Number of protein chains: 2
Amino acid sequence: MPRPIDERWSTMKEVANLAGVAKITVSRVLRSPELVSKTTREKVESAINKLGYVPEAAAGALSSGRSQIVAANISTLSGSIFLSTINQLSNILSKHGIQLILSNSEYSEEMEFQQLSALIAQRPLGLVLSNAFHNTKRRSMLSRIGCKVIEIWDLPENPIDYAVGFSNFDAGYSMTQFLFKDCCYKKIAFLGTKQGFDRRSEMRFQGYKDFQLKHTSEVRAFDLTASGKGNIHDGTVGLNSILNKWPDTDAIFCSGDVLAIGAVCEARRRGLRVPKDIAISGFGDIEFSNEYGIELTTVKVRGEEIGTRVANIIVGDIEGAFNINKSIDVGYDIVRRSTT
Amino acid sequence: MPRPIDERWSTMKEVANLAGVAKITVSRVLRSPELVSKTTREKVESAINKLGYVPEAAAGALSSGRSQIVAANISTLSGSIFLSTINQLSNILSKHGIQLILSNSEYSEEMEFQQLSALIAQRPLGLVLSNAFHNTKRRSMLSRIGCKVIEIWDLPENPIDYAVGFSNFDAGYSMTQFLFKDCCYKKIAFLGTKQGFDRRSEMRFQGYKDFQLKHTSEVRAFDLTASGKGNIHDGTVGLNSILNKWPDTDAIFCSGDVLAIGAVCEARRRGLRVPKDIAISGFGDIEFSNEYGIELTTVKVRGEEIGTRVANIIVGDIEGAFNINKSIDVGYDIVRRSTT
DNA sequence: TACGCTAATGGTATCGGTACCATTTTTAGA
DNA sequence: TCTAAAAATGGTACCGATACCATTAGCGTA
């Protein structure tokens with residue numbers, strides 16, 4: 001109403017008038033053209049082109065009770081490990097005429113509530129979560145949300161609805177096993193976050209710990225929970241602390257690639273040969289590590305595949321192709337490069 | 001309608017009934033609480049909490065004629081230079097209850113049309129474009145779109161509506177001038193894309209060329225339009241080609257940081273000292289170049305500020321604070337590090 | 001030719017909010 | 001105490017689509 005009449009987009013009614021048909025027929029041409037005769041369809045399509053008609057999503061959503069929107073809530077975008085997933089998701093959804101709404105999860109508890117409400121207000125077809133909204137109050141809100149809730153990059157015990165990811169515990173265990181058995185390092189340390197906000201890193205640590213306790217009965221871990229956020233500098237600090245405390249360490253499993261790169265740089269600075277004097281592995285296989293001259297051994301996560309699977313759940317192409325608890329395990333790859 | 005009644009969210013009417021007021025009063029409590037008396041407000045708020053009411057955005061948008069949505073169309077997300085801008089934009093908008101829809105622009109012409117239509121269907125408050133939709137047909141579609149169209153990361157001559165960015169020509173000129181005057185390199189080459197799909201890189205080249213023609217009458221450029229996409233490998237190829245053709249080159253201005261890093265790595269591999277034997281500068285100040293052990297001289301783009309300005313245009317906080325052609329120049333910084 | 005079935009099209013109510021204007025209640029000033 | 005203005009609240013039409021059901025047209029078959 002507030003918009004001046006000459007700026008308004010044409011409506012379905014106007015298209016119908018121009019084509020000499022009823023509104024509902026225009027709707028059919030757009031949504032189920034096979035129900036409309038060829039001649040009528042052509043009249044309507046010509047009218048649509050003449051008026052430059054673009055349907056209004058809000059009206060359709062209100063009337064049909066279903067939006068063409070998927071909401072994704074991930075932590076900060078810049079440098080995010082979720083980008084390949086989001087990118088792939090967005091690509092597939094857009095082919096189905098579905099739009100992706102992106103929101104940040106780097107908020108306080110109160111803001112988080114507002115965020116979630118704002119997303120619910122859109123009545124999305126699906127809600128993709130990387131890690132937010134997991135306290136009890138939010139979970140109850142999520143459970144009655146009435147759309148597909150998909151947690152990604154992890155496989156929680158009790159997914160709210162769906163989960164697409166991999167076991168961070170297994171990944172931690174596998175990498176440790178790989179260092180121990182395939183690479184023959186026997187004094188392996190863990191560098192990363194053991195607890196707190198990064199649940200995934202903690203699970204990787206648990207995997208490391210499980211392997212170590214079974215095979216060496218020794219756990220060497222430098223915990224960054226208090227100090228750091230997993231940036232380059234934390235990697236240098238971590239390497240020094242570990243070598244200080246356990247000088248005979250021959251391999252360090254870092255819970256993130258960026259940490260690992262910091263550790264490699266610091267090791268080189270100290271005159272240590274990587275991997276001869278100290279082997280270092282990472283997690284994530286971020287785009288740049290290889291290209292920037294550090295050929296890092298790491299756990300490659302199948303980010304794109306996660307995006308594909310999520311999209312398929314939402315568009316329903318493969319309904320039923322997952323197991324009972326609705327978790328999809330996309331797995332991971334251990335990639336050996338020159339730092340181990 | 002299709003959703004079963006017991007899964008339905010409560011409506012404003014239900015809240016109103018529970019609170020014993022009219023629907024419109026509930027609407028006021030949510031949108032302009034200062035118009036409602038304290039007692040009424042509290043009754044309504046309590047009813048909202050009791051029912052877990054979340055308004056339906058589609059209904060509000062339809063009724064008021066304005067959505068709470070902003071659409072951004074950028075090229076592929078992964079590794080994108082636009083992330084800091086998008087992140088900042090998203091942060092500010094969400095504080096105003098506005099959601100950000102993200103779409104990719106890596107499509108064919110036909111797909112592009114569908115993409116644009118899908119965005120228009122949302123009747124967004126603003127449309128943020130990094131580089132897409134610039135052919136004539138699309139421009140005419142955009143000119144009648146009826147919302148704020150904002151082009152970012154560049155300052156086109158005739159912005160469709162608004163533009164927030166910087167002059168890539170000036171940036172190219174400035175960096176060349178910086179290398180020539182401040183760093184005293186006299187044989188400067190350009191490595192990058194001169195023409196074609198990356199308009200911005202081309203503008204930087206024009207800036208380089210303009211300076212060179214004024215001061216040395218010599219243009220040394222290796223054009224990657226045909227061969228590459230600006231990755232590390234292109235940087236190595238480019239460095240070799242340039243030194244092959246113009247062996248006395250003492251500085252290379254690369255049109256992107258990744259190219260520059262490739263060039264630095266290749267120079268080092270060839271046993272050249274950087275910057276003593278060959279100086280290298282980049283463009284963009286991407287997050288990792290510094291951290292990965294290459295302290296690259298580069299042009300730092302104020303990506304976050306662009307996001308802030310775009311958000312301000314959309315929420316209208318600084319209406320009128322830009323010049324006649326509605327272009328905002330956020331400038332750039334030349335950052336000297338150890339590669340020049 | 002009449003009948004019945006399918007294909008094609010239309011009428012009308014409705015989704016859940018907001019705009020606009022009307023009405024009632026409260027407050028302030030004389 | 002009365003009146004006018006301001007504050008608070010309500011009624012109703014409408015935004016632009018879709019759902020549901022009704023109706024008409026087209027066609028083959030008996």
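Not measured: the values here are computed from a predicted model. Only this structure's heavy atoms are used, side chains among them; waters, hydrogens and symmetry mates stay out. Letters go in sequence order (proteins before strands), and every chain restarts at 1.
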Check your understanding: Reckon B:Ser63 has a side-chain N or O less than 4.0 Å from the OP1 or OP2 of D:dC14?
Key -> no
Check your understanding: Between the main-chain N or O of A:Asn104 and the side-chain N or O of A:Asn73, is there a donor-acceptor pair closer than 3.5 Å?
Key -> yes
Exercise for review: Can you tell me the distance, in whole Å, between the NZ atom of B:Lys13 and the C1' atom of C:dG16?
Suggested key: 12 Å
Exercise for review: May I ask you to verify whether the side chain of B:Lys23 and the base of C:dG17 hold a donor-acceptor pair under 3.5 Å?
Suggested key: yes
Exercise for review: Looking at every strand, decide which applies to A:Ala22 at a 4.0 Å heavy-atom threshold: base, sugar-phosphate, or nothing.
Suggested key: sugar-phosphate
**Study point:** Whole-Å gap separating P (D:dT18) and CE (A:Met12)
**Key:** 4 Å
Practice item. Take A:Thr308 and A:Gln88, measure what side-chain hydrogen bond (donor to acceptor under 3.5 Å, both in side chains) needs, and give me the verdict at the end. Key: CA-CA 6 Å; A:Thr308 307; A:Gln88 178 71 0; 3.0 Å; yes
Check your understanding: Taking only N and O in the side chain of B:Arg66, is any of them less than 4.0 Å away from OP1 or OP2 of C:dT18?
Key -> no
Exercise for review: Would you mind telling me which of D:dG16, D:dA8, C:dG17 lies closest to the side-chain atoms of B:Thr40?
Suggested key: D:dA8
**Study point:** Closest to side chain of B:Ile24, choosing from C:dA19, D:dT18, C:dG17
**Key:** C:dA19
Point to revise | Given A:Leu93, A:Ile92, A:Val310, A:Leu125, the one that forms side-chain contact (heavy atoms from CB on, under 4.5 Å) with A:Val315 | key: A:Leu93
Practice item. Using the ring-ring contact (aromatic ring centres under 6.0 Å, His included) rule, take B:Tyr53 and B:Trp9 through it: C-alpha gap first, then chi angles, then the decisive distance, then the call. Key: CA-CA 7 Å; B:Tyr53 170 71; B:Trp9 289 88; 9.0 Å; no
**Study point:** Side-chain N or O of A:Arg31 closer than 4.0 Å to phosphate OP1/OP2 of D:dA19
**Key:** yes
Point to revise | Spacing of B:Gln122 atom CD relative to D:dG16 atom P, expressed in whole Å | key: 16 Å
**Study point:** Side-chain donor/acceptor of B:Ser64 to base of C:dT18, under 3.5 Å
**Key:** no
**Study point:** Length of the line joining B:Lys43:NZ and D:dG10:C1', which is rounded to integer Å
**Key:** 13 Å
Exercise for review: Please state how far atom CD in A:Gln68 lies from atom P in D:dT18, giving the value in whole angstrom units.
Suggested key: 10 Å
Review point. What's the closest nucleotide to the B:Glu56 side chain, out of C:dG17, D:dT18, D:dG16?
Key: C:dG17
Check your understanding: Tell me: CG of B:Leu62 to C1' of D:dG16, nearest whole Å?
Key -> 5 Å
Point to revise | Length of the NZ-C1' vector between A:Lys38 and C:dA7, whole Å | key: 17 Å
Point to revise | Toward the 5' end of DNA chain C, by each residue's nearest nucleotide, B:Ala61 or A:Thr25 | key: A:Thr25
Check your understanding: Between the base of D:dG10 and the side chain of B:Arg28, is there any donor-acceptor pair under 3.5 Å?
Key -> yes
Exercise for review: Round to a whole Å and report the spacing from CG of B:Leu51 to C1' of C:dG16.
Suggested key: 15 Å
Review point. Of A:Ile101, A:Ile98, A:Ile150, A:Leu102, which meets side-chain contact (heavy atoms from CB on, under 4.5 Å) against A:Val70?
Key: A:Ile98
Review point. Between D:dG16, C:dG10, C:dG16, which nucleotide has the shortest distance from any of its atoms to the side chain of A:Thr11?
Key: D:dG16
